[in-house]
Protein chains: 2
Amino acid sequence: MRGKSDENLRCDCSIVHQDIVKKVQGKMPPEEMLYDLAELFKVFGDSTRIKIIWALFEEEMCVCDIAYLLNMTQSAISHQLRVLKQARLVKPRRDGKNVYYSLDDQHIEEIFNQGLKHINE
Amino acid sequence: MRGKSDENLRCDCSIVHQDIVKKVQGKMPPEEMLYDLAELFKVFGDSTRIKIIWALFEEEMCVCDIAYLLNMTQSAISHQLRVLKQARLVKPRRDGKNVYYSLDDQHIEEIFNQGLKHINE
DNA sequence: ATAACAATTGAGCAACTATTCATATGTTCA
DNA sequence: TGAACATATGAATAGTTGCTCAATTGTTAT
């Protein structure tokens, strides 16, 4: 328990379980790590990108194929591939006029599977 | 290869690898499933919520404790807990004036661990 | 060189989201 | 009952995001 005199606290509760907070505080990973994790999941948090990734589970595809498969414009797909590329989730391979994208990560499939387990509960 | 006469296609490419698209199309999960998956990851895609979840890995906590731990307002935390609750990721337990939240899912930790593997590559 | 096509990029816009602020609801205790 | 406190909720707002449209870059083939 505490007085709220400490610092510039946003929490205005008069009673906090200090022991619990202390314990949890000691176990929290560094701020930056949690931020990066959120950034990664943010990338997964869009159904267009999920679809792109799922398609790439099966086969590498060029931008044009993906656009056709998802019935979206090349531009929209290209923008999303840029996001996925920046997150190091896909990698491009140019072949003539086409650019083929493929998955660049082993863990994605496992992450998706665990996600599906939650959904299907 | 195809003419682009088909339907109302958004993709204006003149050449699509139909064989690949067909194959991938057959493997795509139902639209709704992919949408739900994106919705789940969207919930993970915010560092405040990531922090809350990580804290709850360790111990159930009341709103007030979480707010104090993260140095945020009760209101902000309560709003986020609502999102987590709706996603069936946390569950509340009232004890007097306090409401204690705990994790309501076995898969979250595994999802996070796989996410971290990607980050630390 | 230049025409044709695939892909990328930047600006702009509509839709969404996380927080704040003010207020309401629930619970305990005097 | 009513004062005090913890939590929840609704409206408002600033910031973010996904798509479109237009223009550009990169590659091939004539």
Side-chain angles (χ1 to χ4, degrees), chain A residues 1-4 8-17 20-21 35 38-39 41-52 60-87 90-101, chain B residues 1-4 8-17 35 38-39 41-52 60-87 90-101:
Chain A
M1 322 304 177
R2 67 177 176 101
K4 49 186 284 201
N8 270 8
L9 296 177
R10 322 284 282 284
C11 169
D12 56 356
C13 295
S14 58
I15 293 186
V16 165
H17 304 86
I20 292 180
V21 170
Y35 185 79
E39 286 303 300
F41 288 130
K42 209 170 285 181
V43 174
F44 292 142
D46 175 84
S47 61
T48 299
R49 288 191 292 263
I50 291 271
K51 287 176 196 170
I52 293 175
E60 89 172 352
M61 295 178 89
C62 69
V63 180
C64 176
D65 291 344
I66 301 173
Y68 180 76
L69 173 68
L70 304 184
N71 193 30
M72 294 180 64
T73 64
Q74 260 186 36
S75 179
I77 298 299
S78 186
H79 277 296
Q80 295 297 16
L81 283 169
R82 185 165 172 273
V83 175
L84 292 169
K85 195 166 46 178
Q86 281 175 168
V90 303
K91 58 173 187 290
R93 172 180 75 82
R94 188 174 262 283
D95 178 25
K97 280 183 286 191
N98 296 299
V99 176
Y100 291 86
Y101 282 86
Chain B
M1 321 306 173
R2 68 176 176 101
K4 47 186 288 199
N8 269 7
L9 297 176
R10 321 283 284 283
C11 169
D12 55 356
C13 294
S14 57
I15 295 186
V16 165
H17 305 85
Y35 186 79
E39 286 304 300
F41 288 130
K42 211 171 282 182
V43 175
F44 293 143
D46 175 83
S47 60
T48 298
R49 288 192 292 264
I50 290 273
K51 287 177 196 170
I52 293 175
E60 87 171 354
M61 295 177 88
C62 69
V63 180
C64 177
D65 291 343
I66 300 173
Y68 180 76
L69 173 69
L70 303 184
N71 193 31
M72 293 180 65
T73 65
Q74 260 184 38
S75 179
I77 299 299
S78 186
H79 277 297
Q80 295 296 16
L81 283 168
R82 183 165 172 274
V83 175
L84 292 168
K85 196 166 44 180
Q86 281 175 169
V90 303
K91 60 172 188 290
R93 172 180 74 82
R94 189 174 262 282
D95 178 24
K97 279 183 286 190
N98 295 298
V99 176
Y100 292 88
Y101 282 87

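So you know, we letter chains A, B, ... as the sequences are listed, proteins then strands, and number each from 1.
- With rounding to whole Å, A:H17 atom NE2 is found 11 Å from D:dA6 atom C1'.
- For A:R93, the salt bridge (Lys or Arg N to Asp or Glu O under 4.0 Å) partners two or more places apart in sequence, or in a different chain, are A:E60.
- For B:C62, there are no disulfide (SG to SG under 2.5 Å) partners, not counting sequence neighbours.
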Seminar exercise, completed: With sugar-phosphate taken as primed atoms, P, OP1 and OP2 and all else as base, the protein-contact string of nucleotides 24-30 of chain C at under 4.0 Å (heavy atoms; B, S, -) is --BBS--

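- Judged by closest nucleotide on DNA chain D, B:C64 is the one of A:R49 and B:C64 placed further toward the 5' end.
- Dashed line: the shortest gap from a side-chain N or O of B:R10 to OP1 or OP2 of D:dC19 is not under 4.0 Å.
- Residues passing the salt bridge (Lys or Arg N to Asp or Glu O under 4.0 Å) test with A:K85, sequence neighbours excluded: none.
- B:Y101 comes within 4.0 angstrom of the backbone, heavy atoms only, and of no base.
- To the nearest angstrom, C1' of C:dT19 lies 17 Å from CD1 of B:I66.
- Going from atom CE of B:M72 over to atom P of D:dA6 covers 18 Å, rounded to whole Å.
- Phosphate proximity of C:dT20 to B:S75: absent, as no side-chain N or O sits under 4.0 Å from OP1 or OP2.
- The side chain to side chain contact (heavy atoms under 4.5 Å, CB included) check on A:V43 picks up A:R49, A:V83, A:L84, A:A87, A:L89, with sequence neighbours excluded.
- Of the residues in residues 76-85 of chain B, those placing a heavy atom less than 4.0 Å from an atom of DNA chain D are B:S78, B:H79, B:R82, in numerical order.
- Ring-plane geometry between B:F41 and A:F41 is classed as parallel, the angle between the planes falling under 30 degrees on a 0 to 90 degree scale with a further cut at 60.
- Per the geometry, CZ belonging to A:F44 stands 14 Å off P belonging to D:dG18, to the nearest Å.
- Using a 4.0 Å cut-off, no side-chain N or O of A:T48 falls inside it from OP1 or OP2 of D:dG18.
- Atom CG of B:L70 is separated from atom P of C:dA18 by 15 Å (rounded to the nearest Å).
- Applying the side chain to side chain donor-acceptor pair (under 3.5 Å) rule to B:E39 yields the partners B:K42; only residues at least two apart in sequence or on another chain are considered.
- Between A:D46 atom CG and C:dC16 atom C1' there is a gap of 12 Å when expressed in whole angstrom units.
- Comparing atom distances between the B:V99 side chain and each of D:dA8, D:dA6, C:dA7 picks out D:dA8 as nearest.
- When the P atom of D:dT28 is taken as reference, atom CG of A:N98 falls 10 Å away, rounded to whole Å.
- Using a distance-only test at 3.5 Å, with no hydrogens or angles considered, a donor-acceptor pair links the side chain of B:D46 to the main chain of B:T48.
- Applying the salt bridge (Lys or Arg N to Asp or Glu O under 4.0 Å) test to B:K97 and every residue at least two apart in sequence or in another chain returns nothing.
- The distance between atom CZ of B:R93 and atom C1' of D:dA8, rounded to the nearest whole Å, is 18 Å.
- Looking at residues two or more places apart in sequence or on another chain, you find no ring pair (Phe, Tyr, Trp, His ring centres under 6.0 Å) involving A:Y101.
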